[in-house]
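Notes to accompany the following structure.
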Amino acid sequence: VDRNGVLEHKIVQLFTTRFQTDAADLQADLLASGAIDSVRLVELVLELERRFDVVLPFDALEIDDFRTVRRIAELVARTAAGSTPPAAPGDR
Amino acid sequence: VLVAEEAAGVRALELLVGGPHRVVAVLTGDAAWPADATPVGAAAVRVACPVWPARLVRDPALADTLRRHDVDLLLNVHSLFIAHTAVVAAPRLGSFNVHPGPLPAYAGLNAPSWAIYHGERAHAVTIHWMDAGIDTGPIAYQAPLTITERDTGYTLSAKCTTEAMPLLQALVAAASGGADAIPQRPQADGPRRHHGREAPQGGRLDWTAPARRVVNYIRAADYSPFPSPWGHPRTWVDGRALGVVSGRDGPAGRRGSGDGRAGARRRGPGGGRG
C-alpha cells in the first residue's frame, strides 16, 4: 500500500471514529452528501493537523481539497512534503 | 419547532431528531424554495420533518398554529428572520435563540468577527430566552471560548456552533422538567454592542492604524475557504481595489502600518490570490 493509500485508510478511520460517518468510498463527494459542512471542516482540519502533524492554514485551503477522502489524503501528503501551504504573507 | 439556517441548523436538527423529542416542523429558507433548497431544508426532508418557510415567524398567525400543535419550544439557530412577539410567546415553555457571542457585549450579526476585530481573547456562545428585543432576553446557557491568534471569523463561528450543541442538548433535557427547570439569568449591565450587516471601516483597511488592528480586521473578515459576510477588506494599489485575504503583524520599525508591520496577501478582482 503506497503512502497515500495508508493516509486514505487513516482518514476513513478518522471519519468513522470522530464523525461517525462512513467514508469508505474514497471518491464519494463528502461536500455534496453533507458529510463535511462548514462546521465539520474546522473540526476536520484541526483533527488532520493533530493526527498527521501538519499545519493547514485556512486561508490557504481550497474547498475542493476536501471533496473526497482521496483529495484530503493528497492535501495531507502535499503539505507533509512541504509543497503547501504557501509561504506566510510576511515571508513574501 | 426549529427555525434554522446554515450548518449550525443542520447540527441542531440532527441533535433534536436523535433524541426523544418530536420536531413539529423546521422553518427554513425563503427565497430559496422548494423546501430542500437549503441545507437545513434538505436535512429536514431526509428525516421526514415538515418544512415551512422561515418567513412565517414574522406572521402572528403562526402563533395559533404553534399552539394548535402543542409546541413546547421554539429554537432559533442562525435564522435571521425576526420573529413576531406573538410567535415568540406561543410555545408552551418558551422560545430560545442560539447566539454566537457573549451578551450583551456582542449582540446582532457576525459576533465572532466583531470580537476578533476588537482584539478580544475570550468569547462565548449563548442560548438566551427570546423576548421582544433582538438578543436581549435572559441567558439560559453560555459556554466560554478562547480566541487564538490563529482564529478567523470562520473558525471562531464554527467553534461557536460546536460548543452550542451541548448547550442545546442541556436546554431540551431541562425542558422536560418544565419552564422553571430552564435557567434564566438577566444579561449583565455591561456595555451592549449591536452590529448589523455592515463591515467595519466601510470595508476599507486603514494602514495608519496599529499593525495589530489591521491584522485583526483581516482575520475577522476571513471566512476562507468560504465567502466572507463582510467581503475582504479593501485596499488600493495604483488606483486598483484589492481585497486582502490574510495578513500578519511583525516587528515594529518596518513599513506599512502605524506601529509595526502588517504583511498581507490579497485577492484581485478575479478572485485569484496574489
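Numbers restart at 1 for each chain; the letters A, B, ... are given by sequence-line order, proteins then strands.
Neither the backbone nor the side chain of B:R219 comes within contact range of chain A; no heavy atoms are under 4.5 Å apart. For chain A, no part of B:T152 is nearby; none of its heavy atoms comes within less than 4.5 Å. Looking at A:L46, only its side chain comes within 4.5 Å of chain B, counting heavy atoms on both sides.
Using a 3.5 Å distance cut-off with no hydrogens or angles, the side chains of B:S113 and B:Y223 do pair a donor with an acceptor. Using modelled atom types, one finds no donor on one side chain facing an acceptor on the other under 3.5 Å when comparing B:Y141 with B:Q169. Side-chain atoms of B:T28 and B:E5 form a donor-acceptor pair, as typed in the model, at a separation below 3.5 Å.
In this structure, B:L27 CG and B:L75 CG are separated by 11.5 Å, a value rounded to the nearest 0.5 Å.
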